[in-house]
Colleague: 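Take a look at the following structure, please.
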Amino acid sequence: MELEGKRIAFLGDSITQGVGASAPDKVFHQVILQKYGLREALNFGLGGTRIARQYTPSENDWWDETFLDRAKKIPLDVDAVVAFGGTNDYGHGDAPMGKFEDRTEETFYGACHALMAYLSVTFAGKPVIFMTPLHRTGEDGKVVNGIKTERRLKDYVDAEKRVAEYYAIPVLDLFAESGMQPNLERHAELFFVDGLHPNDAGYARIAEKLGKYLENF
C-alpha cells in the first residue's frame with residue numbers, strides 16, 4: 001500500500017490516544033504520518049475504553065463508549081482503518097468473554113464480531129487492520145475482590161485473532177512480535193512508562209512495525 005497522501009483512521013484506547021508519549025508527535029500514528037507522508041492520521045483513541053459494552057457503568061463516562069460507538073464516527077472517505085484494543089477489556093472490563101458464536105456487544109467475543117463486521121462492511125475494499133494488545137505487567141490474571149481471575153490477557157488476544165480470521169481481517173500481532181515485554185526489567189526501562197503505556201521508544205517501535213505492515217499490505 002502506498003502510504004503517501006493517504007488518510008488513515010486509528011481507533012483505540014489510551015495507547016492510541018498517546019498516553020506515555022512526551023509529545024503528540026511521538027505517538028505511533030503521528031510518527032507514521034511524518035515518516036511516510038500521510039495526508040492525515042485521524043486519532044480515534046480514547047483512554048480507558050473497551051471493545052465490549054460493560055455491565056457496570058464506569059465512574060468515567062467516556063470509558064463506556066465502546067470501540068463500535070467510535071467506529072461509527074470514522075469518516076467514510078478514509079483510505080484505511082487501524083484498530084488497536086483489548087487490553088482494557090482484560091484490565092478493568094466486566095463483560096464476560098462469551099463464546100465465538102456471540103454477536104452482541106455484551107461479551108468480548110460478540111463485541112469483536114460486531115466491531116469487525118461493521119468495519120469490514122463499511123470500509124469494504126479498503127484496508128482494515130487490527131493490532132493485538134501489547135504485553136503488560138499483571139497479564140497472567142487480574143485480581144478482582146482479592147481473587148486472581150483465570151482469564152489472562154492472552155485469552156483476549158487469541159479471541160481477537162480468531163474473530164479477525166473469520167472476517168479475513170489481517171492482524172499485526174504485537175503481543176507476539178513487538179519485541180517489548182514489560183515483565184522484563186530491562187524492557188520496562190527501555191520501552192514503557194508504567195508497565196502498560198509505551199514511552200517514546202515504545203511508540204517508535206510500534207510505528208516501525210505498523211509502518212512496514214501497512215507498506216507491505
Side-chain angles (χ1 to χ4, degrees), residues 9-16 44-58 61-74 76 78 80-136 138-145 147-178 196 210 213 217:
F10 295 86
L11 175 66
D13 48 41
S14 58
I15 299 178
T16 299
F44 285 88
L46 185 60
T49 54
R50 296 155 295 213
I51 294 175
R53 196 168 297 284
Q54 304 304 293
Y55 283 78
T56 306
S58 302
D61 292 343
W62 67 86
W63 281 13
D64 294 328
E65 188 174 347
T66 68
F67 274 46
L68 181 57
D69 291 334
R70 276 172 296 126
K72 292 177 179 179
K73 300 177 183 179
I74 296 174
L76 299 180
V78 297
V81 177
V82 176
F84 182 20
T87 195
N88 290 330
D89 291 87
Y90 163 76
H92 54 71
D94 67 359
M97 177 67 70
K99 54 188 178 180
F100 181 79
E101 293 76 18
D102 294 343
R103 294 295 187 274
T104 67
E105 286 187 276
E106 279 65 42
T107 69
F108 186 71
Y109 262 117
C112 284
H113 273 286
L115 175 62
M116 294 186 194
Y118 173 81
L119 292 174
S120 293
V121 171
T122 303
F123 300 99
K126 299 178 180 180
V128 172
I129 293 166
F130 269 70
M131 298 197 296
T132 63
L134 297 165
H135 282 277
R136 59 183 287 171
E139 65 185 29
D140 291 323
K142 61 185 180 181
V143 177
V144 179
N145 297 325
I147 300 173
K148 190 174 183 179
T149 63
E150 294 182 1
R151 294 288 184 190
R152 304 168 299 158
L153 177 59
K154 189 177 186 304
D155 296 321
Y156 290 80
V157 171
D158 291 343
E160 279 188 23
K161 290 165 66 176
R162 185 179 179 192
V163 177
E165 181 182 273
Y166 177 81
Y167 293 98
I169 290 176
V171 175
L172 174 56
D173 191 353
L174 293 178
F175 191 81
E177 302 176 9
S178 72
L196 170 62
L210 179 58
Y213 196 87
F217 189 81

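Nothing fancy with the numbering, it's 1 onward along the sequence.
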Colleague: According to side chain to side chain contact (heavy atoms under 4.5 Å, CB included), who are the partners of Thr107, at least two apart in sequence or on a separate chain?
Modeller: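 Listed in chain order: Pro96, Asp102, Tyr109.
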
Colleague: Using the test ring pair (Phe, Tyr, Trp, His ring centres under 6.0 Å), find all partners of Phe108 that sit at least two apart in sequence or belong to another chain.
Modeller: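 With neighbours one apart ignored, the set is Tyr156.
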
Colleague: Taking only residues two or more places apart in sequence, or in another chain, which ones meet Thr149 in a side chain to side chain contact (heavy atoms under 4.5 Å, CB included)?
Modeller: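 Partners of Thr149 by the side chain to side chain contact (heavy atoms under 4.5 Å, CB included) criterion, ordered by chain and then number, come out as Lys142, Val144.
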
Colleague: Can you measure from CZ (Arg50) to OH (Tyr90) and round to the nearest 0.5 angstrom?
Modeller: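 Going from the CZ atom of Arg50 to the OH atom of Tyr90 covers 15.0 Å.
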
Colleague: Evaluate the side-chain proximity of Phe175 to Glu139: yes if any heavy-atom separation is below 4.5 Å, no if none is.
Modeller: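 They are in side-chain contact.
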
Colleague: Go through the steps to decide whether Val163 and Phe130 satisfy the test side-chain contact (heavy atoms from CB on, under 4.5 Å), and finish with yes or no.
Modeller: CA-CA 11 Å; Val163 177; Phe130 269 70; over 6 Å; no

Colleague: In this structure, are over 12 heavy atoms from other groups packed under 6.0 Å from Glu150 atom CD?
Modeller: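 No, not enclosed.
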
Colleague: Output the distance between atom SG (Cys112) and atom CG (Leu68), rounded to the nearest 0.5 Å.
Modeller: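 Reported to 0.5 Å precision, the distance equals 11.0 Å.
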
Colleague: Who pairs with Asp94 by side chain to side chain contact (heavy atoms under 4.5 Å, CB included), at least two apart in sequence or on another chain?
Modeller: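 By the side chain to side chain contact (heavy atoms under 4.5 Å, CB included) rule, Asp94 matches Gln54, Tyr55, Thr56.
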
Colleague: Test of understanding: with salt bridge (charged side-chain N to carboxylate O under 4.0 Å, His left out), list the residues that count as partners of Lys73, not counting sequence neighbours.
Modeller: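 Partners of Lys73 under the salt bridge (charged side-chain N to carboxylate O under 4.0 Å, His left out) test: Glu65.
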
Colleague: For residues Phe67 and Asp13, report the shortest heavy-atom separation together with the two atoms involved.
Modeller: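 Smallest heavy-atom distance, with atoms named: CZ-N, 3.9 Å.
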
Colleague: Considering residues at least two apart in sequence or located in another chain, which fulfil the ring pair (Phe, Tyr, Trp, His ring centres under 6.0 Å) criterion with Tyr167?
Modeller: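 For Tyr167, the residues satisfying ring pair (Phe, Tyr, Trp, His ring centres under 6.0 Å) (neighbours in sequence not counted) are His113.
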
Colleague: Under the salt bridge (charged side-chain N to carboxylate O under 4.0 Å, His left out) rule, collect the residues that match up with Arg152, sequence neighbours excluded.
Modeller: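 Asp155.
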
Colleague: State which residues pass side chain to side chain contact (heavy atoms under 4.5 Å, CB included) with Tyr213; sequence neighbours excluded, sorted by chain then number.
Modeller: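 Listed in chain order: Ile129, Pro170, Leu172.
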
Colleague: For Pro57, is there any backbone N or O sitting under 3.5 Å from a side-chain donor or acceptor partner on Asp64?
Modeller: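 Answer holds: no.
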
Colleague: Name all residues meeting the side chain to side chain donor-acceptor pair (under 3.5 Å) criterion together with Arg53; count only those two or more places apart in sequence or in a different chain, and write none if there are none.
Modeller: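 Only Asp69, Glu105 meet the side chain to side chain donor-acceptor pair (under 3.5 Å) criterion with Arg53.
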
Colleague: Can any side-chain N or O of Arg136 pair as donor or acceptor with the backbone N or O of Thr87 at less than 3.5 Å?
Modeller: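 Such a contact is found between Arg136 side chain and Thr87 backbone.
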
Colleague: Determine whether Met131 and Val82 satisfy the following criterion, side-chain contact (heavy atoms from CB on, under 4.5 Å), listing intermediate values before the conclusion.
Modeller: CA-CA 7 Å; Met131 298 197 296; Val82 176; 4.2 Å; yes

Colleague: Mind listing the closest non-hydrogen atom pair of Ile51 and Gly86 along with its distance?
Modeller: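 Closest heavy-atom pair between Ile51 and Gly86: CD1-N, 3.9 Å.
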
Colleague: How close do Ala52 and Ala95 get, heavy atom to heavy atom, and via which atoms?
Modeller: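 Closest approach of Ala52 to Ala95: CB-CB, 3.7 Å.
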
Colleague: My understanding is that only residues two or more places apart in sequence, or in another chain, count here; which of them pass salt bridge (charged side-chain N to carboxylate O under 4.0 Å, His left out) with Asp158?
Modeller: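 For Asp158, the residues satisfying salt bridge (charged side-chain N to carboxylate O under 4.0 Å, His left out) (neighbours in sequence not counted) are Lys154.
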
Colleague: How many angstroms lie between OG1 in Thr16 and CZ in Phe44, if you round to the nearest 0.5 Å?
Modeller: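 Between atom OG1 of Thr16 and atom CZ of Phe44 there are 12.0 Å.
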
Colleague: Sort and list the pairs that fulfil side chain to side chain donor-acceptor pair (under 3.5 Å) and have at least one residue in residues 121-133, not counting sequence neighbours.
Modeller: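 Side chain to side chain donor-acceptor pair (under 3.5 Å) check on residues 121-133 returns Thr132-Asp173.
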
Colleague: With sequence neighbours left out, what residues match Glu106 under side chain to side chain donor-acceptor pair (under 3.5 Å)?
Modeller: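 Expected list: Thr104.
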
Colleague: Nearest 0.5 angstrom please: Asn88 CG to Ile15 CD1, how far?
Modeller: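 So the CG of Asn88 and the CD1 of Ile15 are separated by 8.0 Å.
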
Colleague: If I take atom CG from residue Leu11 and atom CZ from residue Phe84, how far apart are they, to the nearest 0.5 angstrom?
Modeller: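 Result: 11.5 Å between the selected atoms.
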
Colleague: Check this for me: Tyr166, atom OH, are more than 12 non-hydrogen atoms of other residues, nucleotides or ligands nearer than 6.0 Å?
Modeller: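 Count not over threshold, so no.
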
